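Quick note on labels: first sequence line is chain A, next is B, and so on, each numbered from 1. No experiment lies behind these values; they were computed from the predicted model shown.
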2 protein chains.
Amino acid sequence: MTAAANQSGRRPTTSRRLERAGIRDVAAAAGVSITTVSDALNGKGRLPDETRSRVREVAERLGYRPSAAARTLRTGRSGLIGLTVTTYGEEPFTFTEFAYFAEMARAATSAALGRGYALVVLPASSRHDVWSNIALDGTVVIDPPDQDPLVSELYRSGVPVVSDGKPGNCPVTAWVDNDHEAAVLGILDHLSEAGARRIGLLTGTSTDTYTRLSTDAYLGWCHKVGQEPVYETYPAHDPAAGAVAADRLLARPDRPDAVYGLFDPNGTDLLAAARRYGLRVPDDLLLICCSESDVYAATEPPITTLSLKPRRIGTTVVNLLIDAIEGVDSGTGVDVGRLFPARYRTAGTGPPPGTLMPTELIVRASSQRRSTRTTVSPPRPRPAGEA
Amino acid sequence: MTAAANQSGRRPTTSRRLERAGIRDVAAAAGVSITTVSDALNGKGRLPDETRSRVREVAERLGYRPSAAARTLRTGRSGLIGLTVTTYGEEPFTFTEFAYFAEMARAATSAALGRGYALVVLPASSRHDVWSNIALDGTVVIDPPDQDPLVSELYRSGVPVVSDGKPGNCPVTAWVDNDHEAAVLGILDHLSEAGARRIGLLTGTSTDTYTRLSTDAYLGWCHKVGQEPVYETYPAHDPAAGAVAADRLLARPDRPDAVYGLFDPNGTDLLAAARRYGLRVPDDLLLICCSESDVYAATEPPITTLSLKPRRIGTTVVNLLIDAIEGVDSGTGVDVGRLFPARYRTAGTGPPPGTLMPTELIVRASSQRRSTRTTVSPPRPRPAGEA
DNA sequence: AGGTGATGGAGAACCGTTTCTCCGTGAGTC
DNA sequence: GACTCACGGAGAAACGGTTCTCCATCACCT
C-alpha cells in the first residue's frame, strides 16, 4: 500500500468549507485511490478483504454518502420510477379519489422499493418542465388516453413505459389490465342466476378503457340474451352526479330489477336511491358495484362488490417495468417471464405485450334473493400464490 | 457568429450510436458554444433575442432534453422532495390506511408540483440504501418517532426536514401540526353543551404525538372538571381491534353517555356497538370521531366529525420545506413568512419553528340531543384564504 | 489616437462518481 | 534467468450539464 495520503486529484487546497465528505476524502483518509474506494464500497474489482474492510471502515467513520446525482450521471440509472396519475377536473389528480388508485399506488410503491427503486408521483397534467427535469428509469402510467403526448415522448426518448389499463393507441413497453369483459359477463351471469330479469348499468361518460370495455361487454351481453339495455351515464369524477344518475336509473319506467354500478360510490348511491323509491334490496333490487372499499361489508344490507385487485395490478406493473429497465436495454423483447397468468400476450412488432389479471367477486347479501351462501366466489379460478 | 460547426468538445468521432442529443450537439448544430446554448435555454447571460430564439429552435428540432442528472450534479438541486410515511406492522406503510394521509399526501404533491418540485414516496422503513441513493432537496416526514435515526441523519447531512406532527425529540427544520389540545377541548365542551354528563374516549396505544397530545388533553380536562376518565385504548393500526375496543367502552359499568373516537373508523364501530347495546344515537349516546371521510354524512344518524384539514397541513408542510430549500442555505433562519396563522414560533437555537393549524368540527346529528342547527362550526375562528 | 464601456460569446473548470486501461511486483515455470 | 500470470491498485477519461472568467469587437467619447 503506497502512501498517497497527500492531496489527491484536483481538489484545491484552499477554501472547501466543511461539507459532505466525497469519495476523494475517503481515498485520502484510507491512503488509497478513489478507484479502490469505489470498488471496495461497491463490491467490485479485485481487492483483498483487508483493504475492502479498511476502506469501508474509513468511509463509515467519515460518514461518507455517495452522491446520487454523480452516480446517476455516470451510470445512467437513477433508481427512480415515475407514477403518472390521471387528472380530473381542476384537482391535480384523483390518486385517492377512488380506493383503487390508492391501493394500486401503495402496492406499486412497495414492489418498487423491494427491488431498490423509489416512486415519483407525477400528475399527467404537471408542467412539462417538472417531470422532464427528473431522471426517470421508467414510468408507470395509469390508464393513458389515446395518443397521450406524454407517453409518446417518454417512449420515444427510450424510457420504458408500462401502463395500468390497456392503452388505446399509445406505444407502451407493456401493459397490465383486468379482464373487464370477463368480469362484467361474470357479474351479469351471477345476477341472472339470482333471478334478475332486467339488469341495469350505471356507467361513466368518459372514454377510458375501463369504462369502455365494461360498457361494451354489457351491451354485447344484452344483445346476446335479447335484453333491452337499461343504463345511465354520468361523469365519474363528479361525486354528486353519481347520486343523481343512480336516481335516474331507478326512476325509469323500465326500471331494472338488478343493477351493476361501475364505480366505487355507486353502491351507496344506489342503496340510497332504492330506499327513496321504497325498493328493498335484494328482494326488489339486486345490487352489485365495483369497489375496493370494505364499507360495503357493513352496509344494510351488505353489498356484493367486484374487486379489481389493485394490489396485484400495482405489483405486476412495477415488476414488468423494472424487468424492462434491467433487461435487454433496447429491442422489443421485454423479459416478461414467470410473471402471473398471462392470458394474452403477443410478440414481435405487433401490439405491446399485455397481461390480463383476474378480478374477484365478493358475494354479499345484495345480490342474492334468499341469502343461501355468503362465501367468496371468484368469477373464475384465480391463480394461487402472490399478493 | 463563428463557424464552429465541426466537432466541438471531446466527443469522439467514431461510434456514438444514435442516442439522445446532448447540449454539444445543439451547440454544433446552432453554430455556437455550449455556453451560449445553456444560457439561451435557461434565460441567462446576455444574448440578443435573435440568438436565443435560434438556439431554442435548434434545440427543439433536435428534441434536446437536458440531462436531469447532470444538472443536479452541477447545481446541487434535484427538484425532488422525499415524503416519508410511517410504517405500521408488516405492511410497508399506511399511506392510505387513513384518509388523512391520503389527503395530506395529495395536497403535498400538488403544492410541490406548483412550485416545480416532485415528491418521492419513501416509507421510513425502506432500506437505507434506497433513499440514500436518491438526491433529495428536502424531506417531509410524517409524525417522526422520537430519536428517529432517519431524520437525524438527514438533518445532519444538511437536508432540510419538515415534519407533519410536532416532533418529539428530532432535529427538524420546521414542523406543522394541528392544535390537538384545542381541538379535543373544543369537542369536550361541545359535548358538554349538548348535555353530556360522562364523556368517554376511544384512543390508541401508540405513542405518536397525535395520540399522546389528544389523550393528555382529555385527561387534563377530566381532571379540571372533576370527571373520572372513561377510556379504552387499542392499537390504532389494527382495524379489527377498534371494533372490540368500541364494544368494551360501551360495555363498561360506568358507561359514558358521550364518546369521542380519535381514529377514522371509530365512528362506524361505535355506532355498531351502540346498536348492539340498544343505545340510540344521539338520544342515549352522543358520538364524535376524528375523520376525513364523508361517509359520516350519510350514516344513520350522521356523525359529527373533527377534520384535521389534511390538505392545509400538506400544503403548509411543503411550502415551509421549499422555503427552507430555496431560502438561506445554512443557518437557522427559515423564512417562515406570510404562511398561515402561526400560533407558536420560536427563533434562535431553541426548538425549531412550529406552526399550529386549526381543525374544523363538522357538527352533525350524532352530537346534538335535539337537532337544532346543523351548520358547520369550527372550534375556533379559522383564517380566511388559502386552500 | 487612446481610453472606456457595453455587447456577444468562447473556454475551461467543475460537480462526484464509475469504469476502462494499464502498470508494477512477486511468484511460479520452462 | 527470462517469461508468464495473477494480484493489487493507480490514472484518467468519461457522464452532460452550469457557470465563472475572460476576450474580441465596436461605438462612442475626450
Side-chain angles (χ1 to χ4, degrees), chain A residues 1-12 15-16 19-28 30-52 54-55 59 62 64-79 132-133 135, chain B residues 1-6 8-12 14-16 19-28 30-52 54-55 59 62 64-79 132-133 135:
Chain A
M1 34 195 122
T2 344
N6 56 351
Q7 281 311 108
S8 77
R10 62 205 166 208
R11 177 151 309 178
S15 71
R16 195 61 195 170
E19 291 185 359
R20 281 174 45 193
I23 197 175
R24 275 174 257 274
D25 302 317
V26 177
V32 295
S33 73
I34 60 172
T35 304
T36 305
V37 175
S38 179
D39 284 349
L41 263 39
N42 295 333
K44 300 190 174 179
R46 307 160 309 187
L47 297 177
D49 287 347
E50 193 272 328
T51 305
R52 216 175 275 277
R54 183 164 48 87
V55 169
L62 266 53
Y64 167 67
R65 296 274 172 267
S67 151
R71 174 173 295 173
T72 298
L73 176 59
R74 183 67 238 254
T75 63
R77 288 278 161 79
S78 67
S132 98
N133 197 18
Chain B
M1 39 196 120
T2 343
N6 58 346
S8 78
R10 60 202 167 211
R11 179 150 310 181
T14 68
S15 69
R16 193 62 194 169
E19 290 187 0
R20 280 173 46 194
I23 197 175
R24 287 175 176 82
D25 302 317
V26 177
V32 295
S33 73
I34 60 173
T35 305
T36 305
V37 175
S38 179
D39 284 349
L41 263 39
N42 295 334
K44 300 190 173 179
R46 308 160 308 190
L47 296 177
D49 287 347
E50 193 272 326
T51 304
R52 216 176 276 277
R54 182 165 49 86
V55 169
L62 266 54
Y64 169 68
R65 296 275 171 267
S67 151
R71 176 174 293 172
T72 299
L73 176 58
R74 184 66 239 254
T75 62
R77 290 276 162 77
S78 66
S132 100
N133 198 17

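One atom, CZ of Arg54(B), and another, P of dG8(C), lie 13 Å apart when rounded to the nearest Å. Across the protein-nucleic acid pair, Leu47(A) atom CG and dA6(D) atom C1' stand 14 Å apart, rounded to whole Å. Nucleotide dT7(C) holds its C1' atom 14 Å from the CD atom of Glu50(B), rounded to whole Å. Between the CZ atom of Arg77(B) and the P atom of dC15(C) there is a distance of 17 Å, given to the nearest Å.
Comparing Ala69(B) and Thr36(A) against DNA chain D, the residue whose closest nucleotide sits nearer the 5' end is Thr36(A).
Backbone-only contact: Thr51(B) has heavy atoms under 4.0 Å from sugar-phosphate atoms and none from a base. Nucleic acid contact class of Arg52(A) (heavy atoms, under 4.0 Å, all strands): none.
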Extract all donor-acceptor atom pairs below 3.5 Å that involve side chains of residues 34-46 of chain A and protein atoms in other chains or at least two apart in sequence.
{"unit_1": "Thr36(A)", "atom_1": "OG1", "unit_2": "Ser33(A)", "atom_2": "OG", "d": "3.1"}
{"unit_1": "Asn42(A)", "atom_1": "ND2", "unit_2": "Ser38(A)", "atom_2": "O", "d": "3.3"}

Please set out all donor-acceptor pairs under 3.5 angstrom arising from side-chain atoms of residues 64-74 of chain A, sequence neighbours excluded.
{"unit_1": "Arg65(A)", "atom_1": "NE", "unit_2": "Glu153(B)", "atom_2": "OE2", "d": "2.4"}
{"unit_1": "Arg65(A)", "atom_1": "NH2", "unit_2": "Glu153(B)", "atom_2": "OE1", "d": "3.4"}
{"unit_1": "Arg65(A)", "atom_1": "NH2", "unit_2": "Glu153(B)", "atom_2": "OE2", "d": "3.1"}
{"unit_1": "Ser67(A)", "atom_1": "OG", "unit_2": "Ala69(A)", "atom_2": "N", "d": "3.4"}
{"unit_1": "Ser67(A)", "atom_1": "OG", "unit_2": "Ala70(A)", "atom_2": "N", "d": "3.0"}
{"unit_1": "Arg71(A)", "atom_1": "NH1", "unit_2": "Asn133(B)", "atom_2": "OD1", "d": "3.4"}
{"unit_1": "Thr72(A)", "atom_1": "OG1", "unit_2": "Ala68(A)", "atom_2": "O", "d": "2.8"}
{"unit_1": "Thr72(A)", "atom_1": "OG1", "unit_2": "Arg77(A)", "atom_2": "O", "d": "3.4"}

Going 5' to 3' through nucleotides 18-25 of chain D and flagging B where a protein heavy-atom sits under 4.0 Å of the base, S where only the sugar-phosphate is that close, and - otherwise, we get BBB-----
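Listed pair Ser33(A) / dA10(D) meets the phosphate criterion, a side-chain N or O lying under 4.0 Å from OP1 or OP2.
Of all heavy-atom pairs between Asp25(B) and Arg20(B), the closest is OD2-O, 4.2 Å.
Taken over five-pair windows at either terminus, the axes of the helix from dA1(C)-dT30(D) to dC30(C)-dG1(D) are inclined to one another by 70° (rounded to 10 degrees).
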